[in-house]
Amino acid sequence: MEMDIDDMCKAKGEEEKAKPIVVILMGAPGSGKSTFCEHIIRSSARPWVRVCQDTINNGKAGTKVQCLTNAVTALKEGKSVFIDRCNLEKEQRVDFVKLGNPQVEVHAVVLDLPAKLCISRSVNRTGHEGNLQGGKAAAVVNRMLQKKELPKLSEGFSRIMFCQNESDVKAALDTYSGFGPLDTLPHGCFGQKKPDTKVQLGIMKFLKKVEAPSNAGSSASSIHGSAASQIIEEKNSCCGGKETASSLSHTAGEEVKGCQDPGVGSTSRNGSSSDGPILAFPSISTADFQFDHEKASDIIIEKVEESMDMLGNAKLVLVDLTRGSKILSLVRAKAAQKNINPKKFFTFVGDITKLYSEGGLRCTVIANAANWRLKPGGGGVNAAIFNAAGPDLEVATKEQAKSLVPGSAVVVPLSSASPLSSKEGVTHVIHVLGPNMNPHRPNCLDGDYVKGCQILQKAYASLFEGFLSIVRAQAKLSQESNEKIKLEPSQSQGHSKDGPRNHSPTGDQKNKRDAVPEHEKSKKYKGSQNEVGGINSLRAGKVNAENDKLDVSTSKAWGSWAQALYHIAMHPERHKDTLLEILDDVVVLNDLYPKAQKHLLVLTRCDGLDCLEDVRKEHLQLLTTMHAIGLKWAEKFLDEDASLVFRLGYHSVPSMRQLHLHVISQDFNSKLLKNKKHWNSFTTAFFRDSVDVIEEISNQGKATLKDEDRLLSMELRCHRCRSAHPNIPRLKSHISNCRAPFPPSLLQNDRLVPAPSNANNP
DNA sequence: GTTCTAGAAC
DNA sequence: GTTCTAGAAC
């Protein structure tokens, strides 16, 4: 179906310019499509018509042709159109995309909220009609979601906005509510979460099934499919940067105001990040905090030098607003003196919030010289960055931490709705708090440069470490997707990436969380993978030494109930009757509350090693021993029951003190597995496979923790087929029957330990 | 880590 | 009414 351009122009008459658009909504039942339209229609200055297939026929469901006809009519009248139907499959939306023409842009708004939320909304909405309740609603939504295909610009959309949580939806609402009749919106993909920014699951993992599994009719129909279905996973080509980047490059300022220092390094201006991520950072503490510039420049150089080997193709850029900046010249001179690779580290004169638009330097990560409360305002870089990033940054920051200890940093993923993200290509802001030498500011060190230098060193170390964690996470993600594509070379139409997922909490959960008073939030906060130093360490009772008040001893950070394993490890002879094995380095015991048929713990006897966070290279041998002993026991159990499959790993943040390795069979058949936290602690990225931990310690010297609270409160998904379930009992009834193969990520690297006879088909 | 329980969800 | 979740207390 084509629009007649001439007709449309005539209809609009002289006034012109006002261009109607078509917005095709996509989302499962309960994703909020109608609410979305209604909200915008109420508040928008643009005339809109909502074309809803469910009600188009005098309040009853109509046909697709009716929808198309109504849409054409509305467009001829100069009205913009919402296509309010699920549109999850490409085939279902192709005719609506054809409404577009050179005069009429077609946008997509994808409401990809967690399945559980859609299910619960569907249930609520349809409950009174009595035809789509409970499991039925779940089945319908799950089945629809199985087929969903991510829209791509190549289908004919000029703009696609992905909404994976309530705040994304809010951003989209704001965008279209404020979208006046004469306005235009930038083209491209927006809102697709950057890889592994921990914010999201959702739509990034897009699934496409070639054929339905034989048991697809059950309410627990699989999302990932069973052995019968072929799953193809692919990193969606339209997301994560390429097209967004190209759309940005068209608008990049022709006039390059930013100025790279000639003496130290050089990089091409436009698209300069194409060959590696760049961290732009201001000099910490040398402005308002009045830290000595000579000392600060030494520390910058020292810390930059230390990071050089780990950078890979990533780069560091020290940024200052003014060309004559003293700190910049000092650093430049010292970098040259030390022969620091100018391609990996250089200085740049420009506004750190406009590096791309004004300077042509694309930095995916920028550092902020934050205040301890992580509040906007103040002045200088902090005020500038919070201003430029918009309110999203404040919200995202609060999710990560409430305050910062001097010498620490916190990584904050930036929502794609933030102008810093859309205009400058920034994916993360790292807040850093340096030492303060200014008596008019909090925590003044009164000229104590011994402490001051230590803190500044820590601050830069934390900053660079935070940046490297982002770089590593992104590298790992792209490597994984490459592997996936290699695995299924002939079927690259799907859109999913497997592996440990960072699911978003459901919207309602988020609301509840948002209702929690601030102090409560920070009280509950237990640190996150992206957080460096600071609060994460606080939880373990190991706060930067310079903050004496917070430097509590390790044992005090654990509740009395969390000491049981520690006591066993220190005095195994007192617990002989409960222990399965006592060795020099480790003891083995059954988990007191097993969450599966077989669930035991390999417990280190090393004093002072409480959790994964404490583990360093010197513990590599111990980790290997723990793994070997765990494996030995798994194999013993497998001898007795070849149907079992084991997984060995650590909790990112354990509840019990004293490092312990879980050896757990994957049946999860235990009445003691009672709640979401139990389930998610063994089936999300929160569970760190022993093999991966060993690899990370060996390569990076420490383990990656996935300790976000959200992981533990994620929607419940089957660990095999990844289908979503509304509650624990339903989930358990599903897993007792699910025989789908394990996700590919678990099948790699010996993460799963099956009986030898099942080695190829656990 | 568990238990207890209020109150939300069904 | 019963089931289920999630927060507080331990």
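All chains are named by letter (A, B, ...) in the order of the sequence lines, taking the proteins before the strands, and each is independently numbered beginning at 1. Reckoned from all heavy atoms, side chains included, excluding hydrogens, waters and symmetry mates. None of these values were measured; they are calculated from a predicted model.
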Rounded to whole Å, NE2 of H725(A) lies from P of dC10(B) at a distance of 16 Å
So, OP1 or OP2 of dG1(B): does either fall under 4.0 Å of a side-chain N or O from H678(A)? no
Could you state the atom-to-atom distance from CE of M714(A) to P of dA6(C) in whole Å? 13 Å
Please report, rounded to the nearest Å, how far the C1' atom of dA8(B) is from the CG atom of N727(A). 13 Å
Protein-nucleotides 3-5 of chain B N/O pairs closer than 3.5 Å?
from   : atom 1 : to      : atom 2 : distance (Å)
dT3(B) : OP2    : K674(A) : NZ     : 3.2

Please verify the inter-ring angle class for H660(A) with H662(A); under 30° counts as parallel, over 60° as perpendicular, anything in between as tilted. perpendicular
What is the distance, to the nearest angstrom, from the CE atom on M656(A) to the P atom on dC10(C)? 18 Å
Counting the atoms with a prime plus P, OP1 and OP2 as sugar-phosphate, which does L565(A) contact under 4.0 Å by heavy atoms, base, sugar-phosphate, or nothing? nothing
Exceeds 12 heavy-atom contacts within 6.0 angstrom, atom NZ of K732(A): yes
Let me know the distance between CD of Q563(A) and C1' of dT2(B), rounded to the nearest Å. 16 Å
For L673(A) and dG1(B), what is the distance between atoms CG and P respectively, to the nearest whole Å? 11 Å
Are more than 12 heavy atoms, taken from residues, nucleotides or ligands other than R616(A), located less than 6.0 Å from that residue's CZ atom? yes
Only counting residues at least two apart or in another chain, list the ones meeting salt bridge (charged side-chain N to carboxylate O under 4.0 Å, His left out) with R85(A). none
Hey, can you tell me if H719(A) and F742(A) have their rings parallel, tilted or perpendicular (30° and 60° cut-offs)? perpendicular
Quick one: list whatever passes salt bridge (charged side-chain N to carboxylate O under 4.0 Å, His left out) with D585(A), sequence neighbours left out. none
Please report the distance, rounded to the nearest Å, between CG in L592(A) and P in dG1(B). 11 Å
Rounded to whole Å, NZ of K677(A) lies from C1' of dG1(B) at a distance of 8 Å
